[in-house]
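Step one of this worksheet: look at the structure below.
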2 protein chains.
Amino acid sequence: MKKITIGEAARQSGVKVPTIRYYEGIGLLREPSRSEGNQRAYEPSDLHRLTFIRHARELGFEVEAIRTLLSLQDNPLQPCASADAIAKARLVEVEQRIRSLMALKAELEMMVEGCGHGRVDQCRVIEVLADHAQCTHHGH
Amino acid sequence: MKKITIGEAARQSGVKVPTIRYYEGIGLLREPSRSEGNQRAYEPSDLHRLTFIRHARELGFEVEAIRTLLSLQDNPLQPCASADAIAKARLVEVEQRIRSLMALKAELEMMVEGCGHGRVDQCRVIEVLADHAQCTHHGH
DNA sequence: TCTTGCACCTCTAGTCGCTAGAGGATGTAG
DNA sequence: CTACATCCTCTAGCGACTAGAGGTGCAAGA
């Protein structure tokens, strides 16, 4: 098996070099073997793990959730209810976030459209911010 | 004008007490006058400013953007192009974030639906995370 | 062989927007 | 007068990195 440097691992996984070292520090990634000159030498399995982590981070999973997902991956004979629960919880979060962002979008659009590009004292943007009652959405 | 305590200001503005002190520390809020016993005494104008800040934070504006928006509000005779630009930039951010979250939602739904509640080695959640090529959306 | 220059090493501190807690002073109600 | 809530300042912590200092390793060209 070919070992690769941390820089190469970064290139291939899409995770930055300091972030890889950070993941090692918090125990997401095992400590790799070292070259004679004390440089980290990664194996293909580390690369897989890194890619898994990157993908999960992109999906917005927190490090603690990823820790659980990784330990599930390491024990493939367990029931996958935990993985399912984690993904479902994340899905609910994402759905909520989308709803809230849609409301914000509507409010921002109202602000921007209402701006007549005149002076600040007639500006809808400032006005809406100053007076919450003008919001169409009062959920926040 | 009636002065109020920081706790009352927190209650009326919806901004927590330590957060109000924090805003003062970073210069978003002026230093209020003090009572004999060195306790902060806020005026109605401070309350307006706090509400403005809270509302802007809820809309996701960063503190630096709010600093600019506040200085615009303080100088109402200026043209409002800056406020407009800030709001527009925020709108673009929100739209991008919504798009990206929609893609994540689709991917998470696929993961959750595919999970047959069996063992981890057949779990779609883990599988998709491990193999990025299975994603329907390759933007990330 | 030497040197250039990049990639690597460890360690600490900074980012953002708060939040938590220690340890003490003040204000108010009974 | 005594509780007790609220206030004060100060420092440290959160998550997930990112930046920088100060030093070592290594491969390639002159």
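Reminder, nothing fancy here: chain letters follow the sequence lines and each chain counts from 1.
Within 4.0 Å (heavy atoms only), A:Ile26 reaches no atom of the nucleic acid at all. At the heavy-atom level, B:Tyr23 lies under 4.0 Å from the strands shown only through sugar-phosphate atoms. When heavy atoms are screened at a 4.0 angstrom cut-off, A:Arg21 is found touching base atoms of the nucleic acid.
Using a 4.0 Å cut-off between charged side-chain N and carboxylate O, A:Glu58 and A:Arg54 make a salt bridge. Using a cut-off of 4.0 Å between Lys/Arg side-chain N and Asp/Glu carboxylate O, B:Arg40 and B:Glu24 are scored as salt-bridged. A salt bridge is absent between A:Arg99 and A:Glu95; no separation between the charged side-chain nitrogens and carboxylate oxygens falls under 4.0 Å. Residues B:Glu109 and B:Lys105 are paired through a salt bridge, judged by an N-O separation under 4.0 Å between the basic side chain and the carboxylate.
One atom, CD1 of A:Ile4, and another, C1' of C:dA7, lie 14 Å apart when rounded to the nearest Å. To the nearest angstrom, P of D:dT9 lies 13 Å from CD1 of B:Ile20. Summarising the geometry, the separation between CD on A:Glu24 and C1' on C:dC9 is reported as 12 Å, rounded to the nearest angstrom. Atom P of nucleotide C:dT15 and atom OH of A:Tyr22 are separated by 17 Å, given to the nearest angstrom. Remark: P of C:dG27 and CD1 of B:Ile6 are 15 Å apart, rounded to the nearest angstrom. One can place CD of A:Glu58 at 15 Å from C1' of D:dA16, the figure rounded to the nearest angstrom. Per the geometry, CZ belonging to A:Phe61 stands 18 Å off P belonging to D:dG15, to the nearest Å. When the C1' atom of D:dT9 is taken as reference, atom CD of B:Glu31 falls 13 Å away, rounded to whole Å.
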Dump every N/O contact between nucleotides 2-6 of chain C and the protein below 3.5 Å, one line per pair.
none

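Counting heavy atoms from C-beta on, the side chains of B:Leu28 and B:Phe52 never come closer than 4.5 Å.
Exactly one residue among B:Val15, B:Ile20, B:Asp46 makes a side-chain contact (heavy atoms from CB on, under 4.5 Å) with B:Ile6. That residue is B:Ile20.
Atom CG of A:Leu129 and atom OG1 of B:Thr51 lie 11.5 Å apart (nearest 0.5 Å). Between the CG atom of B:Leu72 and the CG atom of B:Asp84 there is a distance of 11.0 Å, given to the nearest 0.5 Å.
For the OP1/OP2 pair of C:dT10 and a distance below 4.0 Å, the side-chain nitrogens and oxygens of A:Arg34 include at least one atom meeting the criterion. The side chain of A:Arg40 places no N or O atom within less than 4.0 Å of a non-bridging phosphate oxygen (OP1 or OP2) of C:dC8. Put simply, B:Thr5 has no side-chain N or O that comes within less than 4.0 Å of OP1 or OP2 on C:dG27. Phosphate contact (OP1/OP2 of C:dG17, side-chain N/O of B:Thr19, threshold under 4.0 Å): absent.
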(message) Within the 4.0 Å limit for protein heavy atoms, which parts of nucleotides 19-29 of chain D are touched? Write it as a string from 5' to 3', B for base, S for sugar-phosphate only, - for none.
(response) ------SS---
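The side chain of A:Arg57 has D:dC17 as its nearest neighbour among D:dC17, D:dC8, C:dC18. Listed nucleotides D:dT9, D:dC7, C:dC18 differ in distance to B:Val17; the shortest reach to its side chain belongs to D:dC7.
For CZ of A:Arg67, the number of neighbouring non-hydrogen atoms (other residues, nucleotides, ligands) closer than 6.0 Å is greater than 12.
Side chains of A:Glu43 and A:His48: a donor-acceptor N/O pair is absent below 3.5 angstrom, by distance only.
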